[in-house]
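This report concerns only the one structure given below.
Atom set for the values below is all heavy atoms of this structure, side chains included, hydrogens, waters and symmetry mates excluded. Here is how names work: the chains are called A, B, and so on, in the same order as the sequence lines, proteins then strands, and each is numbered from 1.
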2 protein chains.
Amino acid sequence: MNLEEVARRAGVSRSTVSRVLNGSTGVSPATRAAVEAAVASLRYLPNQAARSLAGTRTDTVAIVVSEERDRVFDDAFLTGVLRGATSGLAGRRAVVAVNPREVSDVDGALVVSMSGHDPLPRELRVPVVLVGRPLSCGLAYVDSDNLGGGVLAGRHLIARERRRIGVLAGPSDVAACVDRVAGLRRALSSSPPAGVITCALTPDSGAAAMASLLASVPDVNGVFCATDAIAIGALRYLASVGARVPEDVSVVGFDDSLVATVCTPALTTVRQSPDDLGNTAAWRLVAELAGEPDLPQSIVLPTELVVRGSS
Amino acid sequence: MNLEEVARRAGVSRSTVSRVLNGSTGVSPATRAAVEAAVASLRYLPNQAARSLAGTRTDTVAIVVSEERDRVFDDAFLTGVLRGATSGLAGRRAVVAVNPREVSDVDGALVVSMSGHDPLPRELRVPVVLVGRPLSCGLAYVDSDNLGGGVLAGRHLIARERRRIGVLAGPSDVAACVDRVAGLRRALSSSPPAGVITCALTPDSGAAAMASLLASVPDVNGVFCATDAIAIGALRYLASVGARVPEDVSVVGFDDSLVATVCTPALTTVRQSPDDLGNTAAWRLVAELAGEPDLPQSIVLPTELVVRGSS
DNA sequence: CTGTTAGCGCGTTCAC
DNA sequence: GTGAACGCGCTAACAG
């Protein structure tokens, strides 16, 4: 099934069918209709390989997932971004890759990476949109309002009369964590955090960080955790030493992952929408590929405080 | 940068370069070496489009994720399968799709779907390997040993002296759930379950199902849940009516998802490995595409009981 | 063992 | 407004 057959069926030449398929102007309404009828009745689908070989596009974009197992916020984040992205890709093929160097023959790429210093996107010679703010390069990106979320968390802790506030900050090369903590600092401007501990993005690391925090600031009464996974560990450690949450210590997380609703007490946290992140990034990339002018270099999606039992 | 240039550089013809690239036999070691040197020094990458247009393969496989939002075990399952699959695809391109009808120009497909009655895989005119046992078609598949896991759970409840056992079974069209419950029944052969409630794969549905179970079997002292998500809901409901776990009722889940370690009490559950599932399915598909004979029609991966506080 | 040749299906000039 | 002709980069016959 190829252009030739469709052309014969419609009583025109290959070129004309091609023109109709590619929305080119200068085809009389009558022939256009004939061609469309032929296409429909033959259930013709263009051959992608031939199309990209002859033309200049591949109609394929890469979704590059550059992450290590223990450096991901939570799996729901990735799943959400993927779901949102594929649905926003408007008929294009999405190839997923873990290693950017395996990627070729694509029109553009969506890169989701925790690390703010990923050197890889630049190696792709196509338009790139990042999911998550980069720390060190000027590429276009879509991100949650991590700063604003941090501010919300900080104001909430202040409203709860917490004045000895500790921070379990996550890694310093993860932009989202950096921004979240910056937001908290901004909300706390008059009375800076009593202690800041960096840690990995796992419950175990969060528990260990909570232990150090308690050691250096024994009277801490509010804790802001850069991710829910960290907060889970903090809650666990606090329970193990008999500290009451929220009576003795308020705990606030970030992500609103499933575990936030399941742990005891349920976790006050800041919600972001991975689906919207992926969808918006896809939209932005598609728009760029379509040649739309004046596209924003960065897009920031709102976050929202969800108050539960831990504060 | 194309075959022509590489050929010129190596002082041979296009065909010879093509032969070397495709591992065809009958090339003298000397010319092979010359070609490989040229390829390396020019950093030549074959054009995928041209390759699939001329040849019979596309070197890309589809990963079809056919799921609705509320019918997924947990997100970690999907991410795991995806991670395992992409790493097992041995250099092939992986295109992800939600709708199988968007899939064309691929050599084969991996289909991950909860529903056992998915009519879609057959529409793809290429080799297909399913992740998860199909209920109604005879396609090749890779699955966790859900039956065996159910047996493990059943034996465990018996060992805990639980004789009034209820089942929160999940949907009857999800093969994994059906198999898990079948395994439980097998372990309980002498004394069948006191009650079986079907439900959706969400905590809320699990909570509602637990309520019905308690209504019809007030003295239930053991509950097997087809998934951890269901078990979370069951635990929540039991706590709300003041039932003690595990003193009054033992609860066992299935999946060993992250929430199983976070809830209170921590959940006894059966562990499966989504990564291995995806990886094995990819391997099986690649082997079939390579024409390997005598491939197994089904592959079943072991599951493992993880005992925690809830039993 | 190696080179030559003929398309794969399509977009894109060109003429008409 | 429409058709004819060329070539994208490659694989797969076929010669030699």
Side-chain angles (χ1 to χ4, degrees), chain A residues 1-39 42-60 91-93 104-107 125-126 289-291, chain B residues 1-39 42-60 91-93 104-107 125-126 289-291:
Chain A
M1 169 66 51
N2 56 18
L3 263 193
E4 184 68 46
E5 293 186 49
V6 179
R8 213 161 38 216
R9 186 81 134 84
V12 298
S13 74
R14 286 203 303 267
S15 324
T16 303
V17 180
S18 177
R19 289 192 186 97
V20 172
L21 258 41
N22 294 295
S24 134
T25 61
V27 178
S28 76
T31 48
R32 175 179 298 273
V35 169
E36 275 163 355
V39 165
L42 262 36
R43 272 192 275 288
Y44 166 74
L45 284 178
N47 179 312
Q48 263 308 135
R51 186 171 256 191
S52 26
L53 183 55
T56 50
R57 303 169 325 186
T58 61
D59 287 328
T60 300
R92 264 156 261 251
R93 288 159 58 112
S104 63
D105 299 322
V106 298
D107 295 337
R125 304 279 174 140
V126 292
L289 294 178
Chain B
M1 169 65 50
N2 58 16
L3 262 195
E4 185 67 47
E5 292 186 49
V6 178
R8 213 160 38 215
R9 186 80 133 86
V12 297
S13 75
R14 284 206 304 270
S15 327
T16 302
V17 179
S18 177
R19 287 192 188 97
V20 172
L21 258 41
N22 293 297
S24 148
T25 62
V27 178
S28 76
T31 48
R32 175 179 298 275
V35 169
E36 276 163 356
V39 166
L42 262 38
R43 274 193 273 287
Y44 167 74
L45 283 179
N47 179 313
Q48 262 308 135
R51 186 173 256 190
S52 28
L53 183 55
T56 51
R57 305 167 323 185
T58 60
D59 287 329
T60 107
R92 264 157 261 252
R93 287 157 58 112
S104 64
D105 299 322
V106 297
D107 295 336
R125 304 279 174 140
V126 291
L289 294 178

Under a 3.5 Å cutoff, is there a donor and acceptor pairing between the side chains of B:T31 and B:S28?
yes
Looking only at side chains, do A:T58 and A:D107 share a donor and an acceptor under 3.5 Å apart?
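Their side chains do contain a donor-acceptor pair, which is all the 3.5 Å distance test asks for.
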In whole angstrom, what separates [X]'s [atom1] from [N]'s [atom2]?
| X | N | atom1 | atom2 | value |
| --- | --- | --- | --- | --- |
| A:Q48 | C:dC10 | CD | P | 10 Å |
| B:L53 | C:dC10 | CG | P | 9 Å |
| B:D105 | C:dC8 | CG | P | 16 Å |
| B:M1 | D:dG9 | CE | P | 11 Å |
| A:L21 | C:dC10 | CG | P | 9 Å |
| A:R51 | C:dT12 | CZ | C1' | 14 Å |
| B:N22 | D:dT11 | CG | C1' | 7 Å |
| A:R19 | D:dG3 | CZ | P | 8 Å |

Choose from [options] the nucleotide whose nearest atom is closest to any side-chain atom of [X].
| X | options | result |
| --- | --- | --- |
| A:V12 | D:dT11, C:dG9, D:dG3 | D:dG3 |
| B:R14 | C:dC10, D:dT2, C:dT5 | C:dT5 |
| B:S13 | D:dG3, C:dT4, D:dG7 | C:dT4 |

What's [X] touching, base or sugar-phosphate or nothing? Going by heavy atoms closer than 4.0 Å.
| X | result |
| --- | --- |
| A:L3 | sugar-phosphate |
| B:G26 | base |
| B:S15 | base |

Side chain to side chain contact (heavy atoms under 4.5 Å, CB included) assessment of A:L21 paired with A:V39
CA-CA 9 Å; A:L21 258 41; A:V39 165; 4.0 Å; yes
Counting only side-chain N and O atoms of [X], is one of them less than 4.0 Å from OP1 or OP2 of [N]?
| X | N | value |
| --- | --- | --- |
| B:S28 | C:dT2 | yes |
| B:N47 | D:dG9 | no |
| B:T16 | C:dT2 | no |

Looking at every heavy atom in both B:A7 and B:R14, which two are closest together, and how far apart are they?
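Smallest interatomic distance, heavy atoms only, reads CB-N, 3.7 Å.
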On DNA chain D, more 5' by nearest nucleotide between A:T31 and A:A50 is A:T31
Rounded to the nearest 0.5 Å, what separates atom CZ in B:R92 from atom CG in B:L289?
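So the CZ of B:R92 and the CG of B:L289 are separated by 6.0 Å.
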